[in-house]
Structure formats: C-alpha cells, structure tokens
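So the structure is just underneath, and the comments pick up after that.
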4 protein chains.
Amino acid sequence: MDRTARTPRGARTRAKLLTAAEEVFATVGYHEASIVKITEEAGVALGTFYTHFEGKKEIFDTVVLDLSQRVRHAMSEASTGVDDRLEAERAGFRAFFAFTAQHPALYRIIRQAEFVSPEVMRRHYDNIVDGYASGLESARSRGEIRDVDPVVAAWALMGAGELIGMRWVLWEDADAIPEAVYEGLMDVIRGALAPTTTAGTDPGNDEGRVR
Amino acid sequence: MDRTARTPRGARTRAKLLTAAEEVFATVGYHEASIVKITEEAGVALGTFYTHFEGKKEIFDTVVLDLSQRVRHAMSEASTGVDDRLEAERAGFRAFFAFTAQHPALYRIIRQAEFVSPEVMRRHYDNIVDGYASGLESARSRGEIRDVDPVVAAWALMGAGELIGMRWVLWEDADAIPEAVYEGLMDVIRGALAPTTTAGTDPGNDEGRVR
Amino acid sequence: MDRTARTPRGARTRAKLLTAAEEVFATVGYHEASIVKITEEAGVALGTFYTHFEGKKEIFDTVVLDLSQRVRHAMSEASTGVDDRLEAERAGFRAFFAFTAQHPALYRIIRQAEFVSPEVMRRHYDNIVDGYASGLESARSRGEIRDVDPVVAAWALMGAGELIGMRWVLWEDADAIPEAVYEGLMDVIRGALAPTTTAGTDPGNDEGRVR
Amino acid sequence: MDRTARTPRGARTRAKLLTAAEEVFATVGYHEASIVKITEEAGVALGTFYTHFEGKKEIFDTVVLDLSQRVRHAMSEASTGVDDRLEAERAGFRAFFAFTAQHPALYRIIRQAEFVSPEVMRRHYDNIVDGYASGLESARSRGEIRDVDPVVAAWALMGAGELIGMRWVLWEDADAIPEAVYEGLMDVIRGALAPTTTAGTDPGNDEGRVR
DNA sequence: GATGAATGAGTGTTCATTCAT
DNA sequence: GATGAATGAACACTCATTCAT
C-alpha cells in the first residue's frame with residue numbers, strides 16, 4: 001500500500017503523528033512508546049496510524065532520520081562561511097548542543113537504536129561524521145589543523161561532544177550547555193587539532209589513513 | 001525476601017544466571033531479553049530465576065554494575081604503575097578496547113540503560129569518569145599535561161573512546177581495535193593533553209573549573 | 001482510557017462478557033475465574049476483554065453491583081403496593097429466594113467479596129438493608145409492627161434470609177425454596193415483628209436506636 | 001505419609017504453623033495466603049510445612065474445623081446450666097460475638113470457604129445449627145418457646161447473628177458488639193421465639209417439620 | 001481518510017509442591 | 001525433623017496489528 005499522503009488533510013495528520021512520535025519516543029523511549037500513546041498524543045484514532053505508517057519501526061526510522069538531517073543541517077549551517085577552522089568547530093558544536101537541548105529525542109532515541117534499527121543508527125552517525133571528517137580533511141590540507149586522521153578525529157570528537165551533551169544538557173535537563181563546560185571542551189578540541197604542537201610525531205603523509 | 005544464596009548450589013545457579021543474562025542482554029538488548037530466554041540459556045527452570053533475583057530490572061542492574069566494575073578495574077590495572085601520563089592513557093584505552101571486544105554486553109547495554117535504569121547508567125559513567133578525572137588532575141598538578149579542566153576532559157575523552165570503540169570494535173564485530181585507529185585516537189588524545197602547546201590560552205589557574 | 005462502548009458491536013461484546021463473567025464467577029468463584037475462562041465463555045478473544053474492562057476486579061465489581069441492583073429492584077417491585085406489612089415481607093423474601101435460585105452468582109460472589117472488593121460488598125449489603133430498614137421504620141410508625149430497632153432488625157432478618165437461602169436454595173441446588181421452609185421462616189419473621197406481643201419490654205420511643 | 005507429630009519438637013512446630021495460618025488466613029484470605037507467608041509468620045522453613053500438612057487445603061480445613069469446634073464449645077459452655085431459654089439465647093449469642101471479636105479468622109474464612117472447601121464449610125454450619133436446633137427443640141417441647149420449626153429457626157437466627165456480627169464487630173473492627181445492637185437483636189429473637197404471641201397460627205403439631 | 005473494536009502471541013511474575021541435603 | 005533451592009504450570013495483562021464500518 002502506498003502511504004504517501006494524498007490530501008492536505010492526510011499530510012496534516014501525518015505531520016501530527018510525527019511530532020507526537022518524537023515527543024513520545026523522547027519521553028519514554030522506543031519500547032515503552034505504544035502506538036496508542038502516539039495516536040493519543042496526536043489526537044487521532046488508533047487505526048489512523050496505519051494509514052500513514054507501516055508500523056512502529058517505520059515511524060521510528062522516519063523520526064530518527066528526520067532529526068538526524070536536522071542536526072546535521074543546523075551544524076553545517078552554523079559553521080558555513082566561517083573561515084577559521086577553530087571558529088567553525090566552536091560554531092558547529094554550539095549548534096549541536098543547542099539542538100540537543102531542544103530535541104532531546106535524538107539523543108535518547110539514538111542510544112536505544114542499536115537493537116531497534118541498527119541501519120538508521122549507523123546512517124545517522126555516518127551522516128554526521130562524513131560532514132565533520134570532510135571539513136577536517138580540507139582544513140588539514142590547508143594546514144589549518146595538524147595532521148590528524150580526519151575520520152578517526154571526527155569520530156573521536158563527535159564522541160566527546162556526545163558525552164558532554166549527555167552529561168550537561170540531558171542529565172541536567174538544561175536549556176543550554178554551561179559556558180564553562182563548553183569552553184572546557186573547546187579547549188580540548190583546540191588542543192587535539194591545533195596546527196602546531198610539539199607533541200606527537202608528525203606523520204606528514206597519508207599512510208595508514210583510516211578508510 | 002532475602003535472596004542471598006545460602007548454599008553452594010544456590011551460588012552456582014545464581015552465577016549461571018548472571019552469565020546467561022550478560023549474554024542475552026548483549027545479543028538482543030534489554031527489552032527483547034525475556035526471562036525465559038535467560039533461564040533457557042542458563043539451563044535452569046523459569047521459576048528458579050525468581051529464587052535469585054527480584055525481577056528483570058534487578059538482574060540487569062547487577063549485570064551492568066558488575067561489568068562496570070570490571071572495566072574500571074581492567075583500566076586502572078592496566079595503567080597502574082605507568083609513570084608517564086601518555087603511556088598511562090595508552091594503556092588505559094587499550095584495556096578499554098580489549099574489554100569492549102570481550103564484553104560487548106557492557107556497551108550495548110549501557111546505551112539502552114537510559115530508560116531502563118538511569119541510576120545505574122549514571123553510576124557507571126560516574127565511576128569511570130571519576131577515576132579518569134582524578135588521574136588527569138594529578139597529572140596536571142605534576143605538570144605532565146596541560147592545564148585542562150580534568151572533569152570536562154575526562155568526559156570528552158571517554159566519549160571519544162566510546163564512539164571509536166563502537167565504530168571499530170562493535171560495528172566491525174572485531175576482536176580488537178585496528179592499530180591505525182588506535183594510534184589515530186592516541187594522536188588526538190596526545191594533542192588534547194600535551195603539556196606544551198602553542199594552541200589555546202593558558203588559564204594557569206582553577207577559575208571556572210567544572211564541579 | 002475510556003472504555004465505554006462506542007458502537008453497537010462494542011456494547012454487544014461488553015454484554016456478552018458480563019454474562020459470561022457472572023456465570024464463571026458463580027461456578028468457580030473469583031479466584032479460580034480466569035480471564036481466559038471468561039472470554040472463552042463469552043466467545044471472544046482474550047485481548048477483547050481489556051477493550052471493555054480495566055481488569056478482573058473491575059468486571060467483578062460491575063457484576064456484583066449489577067446483581068445487587070437487580071435483587072433490590074426485584075424485592076421492592078414485589079412488595080410495592082402491598083399494604084399489609086407482613087404480606088410485604090412475604091413478597092419481598094419470596095422475590096429474594098427466587099432471585100437467589102436464578103442467580104446463584106450473587107450469593108456465591110458476595111460471600112467471597114470480603115477480600116476481593118470490600119467496598120462493593122458493603123455497598124451491596126447497605127443497599128439492601130437501607131431499603132429494608134426504611135420499610136420497617138414506616139411500618140413501625142404506622143403501628144403495623146412492634147417497636148423494634150429498624151436497622152438492627154433489617155440486618156438480622158436479612159441474615160436470616162441469607163442463611164436460609166444458602167441452606168435450602170444453594171446447597172440443595174434447588175429451583176425454589178421448599179414451601180415448608182419458607183413458611184417456617186415467615187413464621188419466625190412474623191413473630192419477630194408482630195405488633196402485639198407479651199414478650200419484650202416496650203421501649204415505645206427512639207432512645208438508643210442504632211444509627 | 002503419616003504426618004502426625006512424633007516428637008515434642010514436631011508438635012510445637014505444627015502448633016506454630018496452625019497459629020500462623022489462622023493469622024494469615026484471617027488477614028489476607030485463603031487465596032492471598034501463600035505457604036511462604038505462613039511459614040515466615042511461623043518462623044520455620046518453607047519445606048517444613050510439608051512435614052506437617054499435606055498441602056494448603058489441609059491446613060485450611062484444620063484451621064476451620066478447629067475454630068468451628070471452639071466457637072461451638074464457647075457457645076454451649078456459655079448457655080449450659082442456664083434454665084431460662086431466653087437467658088440461654090442471650091448467653092449463647094454473647095459468647096458468639098465475643099468469639100467473633102477475638103477470632104475474626106473464622107468469619108472471614110468461612111465466607112470464603114464456599115469454593116475452597118465446601119465440605120468443611122457445611123460441617124461448620126451443620127455443627128452449630130445442630131446444637132442450636134436441639135436446644136430449641138427441647139425448649140419447644142417444654143413449652144418455653146412457641147411452636148417454631150427448630151431447624152428453620154436455628155438457621156434463621158444463626159443468620160441473624162452472623163450478619164449482625166459482620167456488620168458491628170468485623171466492619172467496625174470492634175472489640176465487642178455495641179450493647180444497643182445486642183439488645184436490639186435480642187429483642188428480635190425474643191419476639192421470634194416468645195412462647196405467647198398472637199401472631200401466627202399455632203401449628204400445634206409436627207406436620208411439615210423440616211428434616 | 002478516519003475510526004475504534006477485535007485479535008492473540010507474548011511477557012513478567014507467582015506459588016504450591018518436590019526433593020536432595 | 002528441618003531446610004531452602006528448584007520446578008513449571010498458570011495467570012493477569014500489554015500491544016502491534018487488522019479490518020469492518
């Protein structure tokens with residue numbers, strides 16, 4: 001069955017369901033989220049759900065992918081046009097934390113997704129890392145950062161951002177990350193990427209690059 | 001009711017259940033793990049489970065806390081007696097990845113725990129971070145690393161390790177982390193912590209330290 | 001969740017469940033009555049039960065209250081318009097025994113309800129006694145019966161009816177109470193309430209009336 | 001297996017179990033009473049239960065029959081040697097209410113027993129009624145009470161006592177029945193049995209006697 | 001498109017009973 | 001006699017999904 005909304009009414013209902021699903025998934029997680037809860041939150045009848053989605057997993061995937069695109073967009077938007085790499089880092093992470101504060105769903109959901117929908121989970125991480133890694137790659141080629149492996153660095157720094165966000169945005173249920181923490185993280189990132197450093201050997205070439 | 005095993009036979013059964021639970025949780029996650037699956041895996045009757053555990057959540061918490069202590073122990077064991085901070089980092093992370101390869105359960109489980117058992121989830125992260133942060137703190141006071149905020153740095157670097165481990169150990173279902181990735185991560189960490197660096201302002205004091 | 005049937009089909013199913021539940025409760029009692037038995041008896045699927053009732057206790061309460069209202073109605077119906085008090089007694093008890101023979105459920109259930117649902121148990125007895133006591137009260141004020149405490153008398157005579165019904169309707173699994181027993185009971189009641197009697201002090205006032 | 005206690009220790013354990021069972025049955029009813037609860041209350045191990053009783057039903061029957069004998073004894077004790085029939089009634093009922101206040105178990109249990117153990121339930125009622133009815137019979141033959149059917153009257157008046165006890169001893173959780181209620185009931189009973197009365201026809205013979 | 005009643009497989013948990021020690 | 005670990009059938013209840021209206 002084709003479930004694309006064919007009428008404005010249908011499109012509206014579908015949108016209500018997606019919003020409700022994000023809310024419910026964020027609040028109680030995938031497994032505790034029942035279709036009944038989602039339809040009640042959306043204000044539609046139970047059966048209506050299946051006019052728009054194949055099942056629970058499909059709406060989950062849709063919500064995750066949607067959120068994933070939106071973070072990615074928010075982050076690249078924020079760093080676009082920023083020439084200095086470190087400034088771009090700052091802007092990107094700030095956008096990431098802001099998004100986290102506004103959409104705890106993504107966070108909470110993605111950490112559940114391992115067993116629910118590994119494919120979309122990986123797509124999400126790959127999406128973000130790809131953008132980040134290519135940014136690092138070009139910064140490296142321009143000599144703005146030191147010679148790190150861009151893919152490894154991208155995963156590592158994304159991981160750093162993830163736990164910091166979990167700890168100081170989600171756990172604190174905060175509207176925004178505390179400035180001191182943000183600066184602390186920036187300090188670490190700056191150190192990790194800083195163009196000149198006496199630490200570490202200088203590989204100076206691409207040998208052994210990951211992927 | 002007191003569920004402490006009072007006989008050797010009881011202790012043996014309890015241990016079988018814990019091993020089985022770790023396995024089942026790691027394979028299918030908390031929600032898909034049924035008590036039936038666990039008892040079948042353990043080779044005991046369904047009812048026996050309730051002789052030893054209050055319920056599903058209790059065995060989950062026990063498994064998580066147990067694994068948590070074991071990683072922590074493995075990591076501190078590995079870095080104990082290593083004088084050089086960077087060497088200690090290398091050893092700690094190596095132990096972490098080795099543990100991850102051997103006990104994917106911890107990883108998979110912990111990322112589910114947000115909605116299942118937030119308390120133990122936090123205890124786990126706090127446990128690990130505490131040890132890590134105090135190591136950084138004393139290294140900093142000895143001038144072995146630069147003046148980063150130890151708590152923020154600990155969370156950030158643990159996050160780095162977590163995603164790297166997820167990406168290259170779990171997703172690849174590997175026995176160990178690829179050397180190149182490991183070195184890539186070490187390179188990032190070295191940069192982040194390196195004692196001399198031209199990057200960053202030098203706070204040189206404790207103002208604004210987190211927590 | 002609102003479980004009111006919203007369609008004729010729903011109402012029909014709900015009714016089938018109530019009838020089945022009365023039957024099952026009467027046959028095996030509350031604790032041996034399983035939801036499976038009830039739904040099988042009703043010819044619907046297990047899950048359907050929960051579309052209409054919150055749980056086992058709710059359907060129990062509903063059945064009890066329903067039966068309670070029906071006996072009360074049958075009894076007051078029977079004695080309505082009967083001028084003579086003793087005749088009214090006869091009619092009321094006759095209706096009571098007839099109801100008992102037709103709905104053993106009420107009897108059997110109510111005697112279980114102490115631990116299952118004390119509230120509805122009390123509501124049932126209070127319901128019946130209230131009607132009975134006010135009948136006695138007005139008969140007394142008209143001098144048709146002697147000066148007994150109407151509330152105490154109502155409880156006492158209801159108890160008399162209850163055990164007689166239990167002994168000669170339920171235990172004998174009879175369609176109706178044997179005439180001789182019925183007359184024997186009426187004889188006792190007549191004596192207890194008879195307007196002229198040499199027995200007993202004549203309080204002649206309301207002092208010490210119960211409740 | 002013969003479960004008669006063969007040693008003083010065994011007899012003591014058995015007694016502890018019986019006391020515990022009465023307590024537990026009275027508090028939570030038959031179905032909610034688990035063997036574990038009973039053995040815990042008795043302070044013995046679970047398995048020990050089965051050295052003394054065949055199963056849950058057996059201990060239930062034992063407790064009921066034991067209590068039944070004890071009420072009967074208390075009641076006949078109280079009225080023994082009382083010459084006047086009405087005085088004997090007063091004494092018997094007083095003893096009954098006192099027993100009820102002290103052993104709510106009997107009441108609560110007996111009303112459950114319909115589905116648990118119909119045989120002992122009937123034995124209990126038969127026991128009590130037999131004694132009562134034969135008392136009435138001989139009083140009648142001596143002309144102390146009027147010519148009621150002794151069996152029917154015994155059941156009826158026992159029912160009266162039962163509900164009065166339920167209402168004013170159990171429901172009020174009282175130590176004793178309120179005097180006014182007791183006198184109210186006595187008043188009803190006196191009327192029902194009083195030797196001279198203008199009410200009722202005088203059967204004057206045994207025709208149609210029940211049983 | 002929208003509705004909500006119906007379905008039934010599956011879950012966590014309880015508990016009377018057995019039995020090796 | 002006493003102990004407590006082990007057993008497994010049974011239960012109340014949930015929920016993704018279907019389908020007649």
Side-chain angles (χ1 to χ4, degrees), chain A residues 3 5-14 31-39 44-57, chain B residues 1-3 5-14 31-39 44-57, chain C residues 1-3 5-14 31-39 44-57, chain D residues 3 5-14 31-39 44-57:
Chain A
R3 285 162 208 276
R6 245 179 259 290
T7 69
R9 178 169 63 141
R12 243 178 295 126
T13 304
R14 191 187 147 94
H31 286 96
E32 292 295 305
S34 66
I35 307 299
V36 173
K37 273 180 194 150
I38 293 172
T39 51
V44 303
L46 172 57
T48 305
F49 177 88
Y50 291 90
T51 341
H52 294 285
F53 298 95
E54 256 169 37
K56 190 176 176 181
K57 187 166 175 302
Chain B
M1 204 190 316
D2 182 8
R3 285 162 208 277
R6 251 180 274 276
T7 68
R9 187 189 177 202
R12 243 177 294 128
T13 304
R14 192 188 146 95
H31 286 97
E32 293 296 307
S34 66
I35 308 299
V36 173
K37 276 179 193 151
I38 293 173
T39 51
V44 302
L46 173 55
T48 303
F49 178 87
Y50 292 91
T51 315
H52 295 283
F53 299 95
E54 256 170 38
K56 191 176 175 180
K57 186 167 175 301
Chain C
M1 204 190 316
D2 183 9
R3 284 162 209 276
R6 252 180 273 278
T7 67
R9 187 191 177 201
R12 243 177 294 127
T13 304
R14 192 188 145 95
H31 286 96
E32 293 296 307
S34 67
I35 307 300
V36 172
K37 276 178 192 151
I38 293 173
T39 51
V44 303
L46 171 58
T48 303
F49 177 87
Y50 293 92
T51 316
H52 295 284
F53 299 95
E54 254 171 39
K56 192 176 176 181
K57 186 166 175 303
Chain D
R3 285 163 209 275
R6 247 180 257 290
T7 69
R9 176 168 63 140
R12 242 178 295 127
T13 304
R14 192 187 146 94
H31 285 96
E32 293 295 305
S34 66
I35 307 300
V36 173
K37 273 181 193 149
I38 293 173
T39 51
V44 305
L46 173 56
T48 304
F49 177 87
Y50 292 89
T51 2
H52 294 284
F53 299 95
E54 255 170 37
K56 191 176 174 180
K57 187 166 174 302

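For the numbers below, each heavy atom of this structure counts, side chains included, while hydrogens, waters and symmetry mates do not. Residue numbers begin at 1 in each chain, while the letters A, B, ... track the order of the sequences.
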Integer-rounded Å distance: F:dA20 P and C:Arg12 CZ
15 Å

Is any side-chain N or O of D:Thr13 closer than 4.0 Å to OP1 or OP2 of F:dA2?
yes

Under 4.0 Å: is that the gap between some side-chain N or O of D:His52 and OP1 or OP2 of F:dA2?
yes

When you match C:Val36 and A:His31 each to their closest nucleotide on DNA chain F, which lands nearer the 5' end?
C:Val36

Interatomic distance where CD belongs to B:Glu54 and P belongs to E:dG12 [whole Å]:
16 Å

Choose from F:dA5, F:dC13, F:dA9 the nucleotide whose nearest atom is closest to any side-chain atom of B:Leu46.
F:dA9

Given atom CD1 of B:Ile35 and atom P of F:dA10, what is their separation to the nearest angstrom?
21 Å

Considering heavy-atom distances to DNA chain F, does A:Lys57 or C:Gly55 have its closest nucleotide positioned more toward the 5' end?
C:Gly55

E:dG8: pairing nucleotide in any strand, Watson-Crick or G-U under 3.5 angstrom
F:dC15

Reported CG-to-OG1 distance for the pair A:Leu46 and A:Thr48, which is rounded to 0.5 angstrom:
8.0 Å

In whole angstrom, what separates C:Arg6's CZ from E:dA5's P?
6 Å

Under 4.0 angstrom between C:Thr7 side-chain N/O and E:dG4 OP1 or OP2
no

Quick one: is D:Thr51 getting a side-chain N or O under 4.0 Å of the F:dG1 phosphate, OP1 or OP2?
no

Measuring from the side chain of D:Arg9 (C-beta onward, heavy atoms only), which nucleotide among F:dA2, F:dG8, E:dG1 has the closest atom?
F:dA2

Would you mind classifying the nucleic acid contact of C:Val44 as base, sugar-phosphate or nothing, using non-hydrogen atoms under 4.0 angstrom?
sugar-phosphate

Spacing of A:Phe49 atom CZ relative to F:dC19 atom C1', expressed in whole Å:
17 Å

What is the separation between atom CD on B:Glu32 and atom C1' on F:dC15, rounded to the nearest whole Å?
13 Å

In whole Å, what is the span from the CZ atom of A:Phe53 to the C1' atom of F:dA16?
15 Å

Quick check: closest heavy atoms across D:His52 and D:Arg14, and the distance to 0.1 Å?
O-NH1, 3.4 Å

Given atom CD1 of A:Ile38 and atom P of F:dC15, what is their separation to the nearest angstrom?
12 Å

Would you mind classifying the nucleic acid contact of C:Ala11 as base, sugar-phosphate or nothing, using non-hydrogen atoms under 4.0 angstrom?
nothing

By nearest-heavy-atom nucleotide on DNA chain E, the more 5' of A:Ala45 and D:Lys37 is A:Ala45

Under 4.0 Å from OP1 or OP2 of E:dT14: is there any side-chain N or O of B:Tyr50 that close?
no

Who does E:dT21 pair with, Watson-Crick or G-U, both distances under 3.5 Å?
F:dA2

Between B:Ala33 and C:Arg14, just flag the one whose closest nucleotide in DNA chain E comes earlier from the 5' side.
C:Arg14

Residue pair B:Lys56 / B:His31: nearest heavy atoms and the distance that separates them:
NZ-O, 3.6 Å

Which part of the nucleic acid, if any, lies within contact of D:Ser34, taking any heavy atom under 4.0 Å across all strands shown: a base, the sugar-phosphate backbone alone, or nothing?
sugar-phosphate

